[in-house]
Number of protein chains: 2
Amino acid sequence: MPENLRVSSRPRVTLRDIAAHAGVSRSTVSLVMQESSLVAESTRQRVRDAIDALGYVYNRGAATLRSPRTATIGVVVHDIANPFFGALMAGIDETLQDADYVPFLASSGDSLARQARFLARMREHRVDALLLCPAEETPASLIETIADWGMPCIEVMRHVGPSPLGDYVGADLRTGIANAVRHLIALGHRRITLLAGTADHSADRERLAGYRQAMHEAGLDDLSRIVRGPLTRCAGREITLELMRGDDRPTALICHNDLVALGALLALSHLGLRAGQDCAVVGVDDIDEAALTDPALSSIATHPRSIGRRAAELALKRIRTPDGERERIVLDAPLMVRASSQPSLARPQESP
Amino acid sequence: MPENLRVSSRPRVTLRDIAAHAGVSRSTVSLVMQESSLVAESTRQRVRDAIDALGYVYNRGAATLRSPRTATIGVVVHDIANPFFGALMAGIDETLQDADYVPFLASSGDSLARQARFLARMREHRVDALLLCPAEETPASLIETIADWGMPCIEVMRHVGPSPLGDYVGADLRTGIANAVRHLIALGHRRITLLAGTADHSADRERLAGYRQAMHEAGLDDLSRIVRGPLTRCAGREITLELMRGDDRPTALICHNDLVALGALLALSHLGLRAGQDCAVVGVDDIDEAALTDPALSSIATHPRSIGRRAAELALKRIRTPDGERERIVLDAPLMVRASSQPSLARPQESP
DNA sequence: ATTCCGTTTTGGATCGATCCAAAAAGCTGT
DNA sequence: ACAGCTTTTTGGATCGATCCAAAACGGAAT
């Protein structure tokens, strides 16, 4: 290993040094750093040369002290280990990089305390905006509190309260689920079970609403059944095993997300049942695996990367125009029909 | 939507206000904010009360201007959408939150330009340390450059150059792969193909080295075969299909990661072959799916969350003692044997 | 030559914390 | 009461940028 000789207290290059080297004032250099159009092209070039020559590093901390902009954004998700949020974050990151913004990231783990702590930190760092997928049980007042702080906040995928108060970007799961139910009904299914989560947040309520609505439309209210459990592959498997062992078995399952749906597929194959033939399965998110399982999994596509991009774009816009009209961007969540709910494989399970 | 009336230019509460309210000097308040032990308990309490009463928000930008510490860390991975890095990030996040640090995150997408840009930004923000999973083709000089900046840097999972120059946290893939090869040989396999990536980085080279070493030990150099391709599920599938159609089929596949391995499983089942019986498959990473496929996938566990935690801990340590001895933390990567390489299912495919 | 006006440039004040050397306050023990 | 400690507290200088009102510049028109 090469010796780690650190030049103790190397004199730091500042705006002042650049100004001296380029023969202009500090103000001018500052304007160049801000890409201001006020500076004459020739001067700008001279300053740029000085910056390169001296190896100047812009000190954003110092800049922040005077100006309100920090070129940073805070992102809160509830579990970054979940591939859905990984993809979401990738979309956010992509958009922010183009705008020279950098994101702070935190996983709340659906803990209100962790979420609050991180938000406090974001305030201290004076981020320009917040992208928030609120933790379960987040009180509706939080959004107002954040607004009081003067910090733009975009809710992503979930929102507190019955409908988004401010800016929001999400997927139209209500319609997505309703369409899935209609699709299954068209295939002859009647006993359609919804595997939902145990938590009570908007994304969960929307799924429920879509399910109820479509079942109701078809006059199947009495057959509607909702089963709650953890949202993991394992839980999906266990719950499905149990469901299929009962007498009143469903002929179709709509799962809260693809992880649960993959668990359901495992359970079916374990029981010697063929998904799509003996029991239809539909997931949510359309993660990469979905197309590659056997049989391939029908899934409602939520396009996390696009949602991330849209959310980040909206945040940047809100930073530019803090008092602009609030926006609610709800992306389509189309059903990707695959073998696990294939028409050709369907057969009526019972007459209505 | 409630009106968005923003109190324009609400007077900001500063240290000075707290000092006045608590009847002490600014310096004392500052010491309280820094949790210094110099302040008497009674004074500390008075200051805390004032902070609560006035709703003071610490201004980290201002603090940064004077002190070298920012309580931020920069994290570069090459693809945050990859579940492996999601889990890694979760580990990092966990550890940092306990230390009241916040991470900046960027996905380099294995682009040197994006990586360089983000690093420049991190320098401007004066992060206290860097966790870096270097993009492919990153020149060895980068680590020295970063050291020159006076910024501690922990390489994670990958390192530039033949061996890590400075701090490093990773998994012992070399031994992990070698053990997997030995395991397969013990089961009677001889034609063991390695499905490697196309990129040339340390994590790839280590896998190769482990493979070569174990094949060599067994005197199977001539049978060793390495196939390169993209590291996706699809690619794993396609490559496996092609391999199995050739005459000189392998009896076992070791895949660069689990995604590729899952692709391989799909290919086998598509060909009517039974993984673990007609062809053994071993993956790397031991992602959640691995245990739940059918047949379950043998995999070399890399424990991304632990690696993230260890890396973050090391970074915090390096911040405290910048000139401490450099550390190389290499975690075990044990082979999780499952049905896709089950002893009981194995049968000698050919005599040596 | 002078005035006018749009384009560039500038110096000083300022943001809100930390650092540091020195002062003040509290203890002991004589 | 005072010297000699240790424990707390303090005021000014300082970090490195931005903001802003005013000055300098340069060309065109009078």
Check: Passes salt bridge (Lys or Arg N to Asp or Glu O under 4.0 Å), A:D167 versus A:K317? Steps please.
Finding: CA-CA 11 Å; A:D167 290 305; A:K317 179 172 177 185; over 6 Å; no
Check: Could you state the interatomic distance from CD1 (B:I80) to CG (A:L105), rounded to the nearest 0.5 Å?
Finding: 7.0 Å
From [options], nucleotide with atom closest to [X] side chain:
X: B:T28; options: D:dT9, C:dT9, C:dA17; result: D:dT9
X: B:P68; options: C:dG12, D:dT8, C:dC19; result: C:dC19
X: B:R66; options: D:dT8, C:dA17, D:dA17; result: C:dA17
X: B:L65; options: D:dG12, C:dG11, D:dC15; result: D:dC15
X: A:S67; options: D:dC19, C:dT8, C:dA17; result: D:dC19
X: A:S25; options: D:dT9, C:dT10, C:dT8; result: C:dT10

Margin query: For a quick test of reading the model: is some side-chain N or O of B:S27 closer than 4.0 Å to OP1 or OP2 of D:dG11?
Written below: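 Negative; the distance criterion is not met.
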Next item on the list: Tell me whether the OP1 or OP2 atom of C:dT8 has a side-chain N or O from A:T43 closer than 4.0 Å.
Entry: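 A:T43 to C:dT8 OP1/OP2: no side-chain N or O under 4.0 Å.
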Note to self: Check the orientation of A:H78 and A:H201. Use parallel for under 30°, tilted for 30 to 60°, and perpendicular for over 60°.
What the structure shows: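 Rings of A:H78 and A:H201: tilted, 30 to 60°.
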Item checked: Pairing of B:R26 and B:D17 as salt bridge, 4.0 angstrom limit -> no
Margin query: Taking the nucleotide of DNA chain D with the nearest heavy atom to each, does B:R126 or B:G23 sit closer to the 5' end?
Written below: B:G23
Euclidean distance, atom [atom1] of residue [X] to atom [atom2] of [N] [Å, nearest integer]:
X: A:D17; N: D:dA17; atom1: CG; atom2: P; value: 9 Å
X: A:Q34; N: D:dA17; atom1: CD; atom2: P; value: 11 Å
X: A:R26; N: C:dT8; atom1: CZ; atom2: C1'; value: 17 Å
X: A:Q45; N: C:dT8; atom1: CD; atom2: P; value: 16 Å
X: B:L15; N: C:dC15; atom1: CG; atom2: P; value: 14 Å
X: A:L38; N: D:dC19; atom1: CG; atom2: P; value: 12 Å
X: A:L31; N: D:dA17; atom1: CG; atom2: P; value: 13 Å
X: A:N59; N: C:dC15; atom1: CG; atom2: C1'; value: 13 Å

Check: A:S107 side chain to A:G109 main-chain N or O, any donor-acceptor pair under 3.5 Å?
Finding: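 A pair under 3.5 Å: no.
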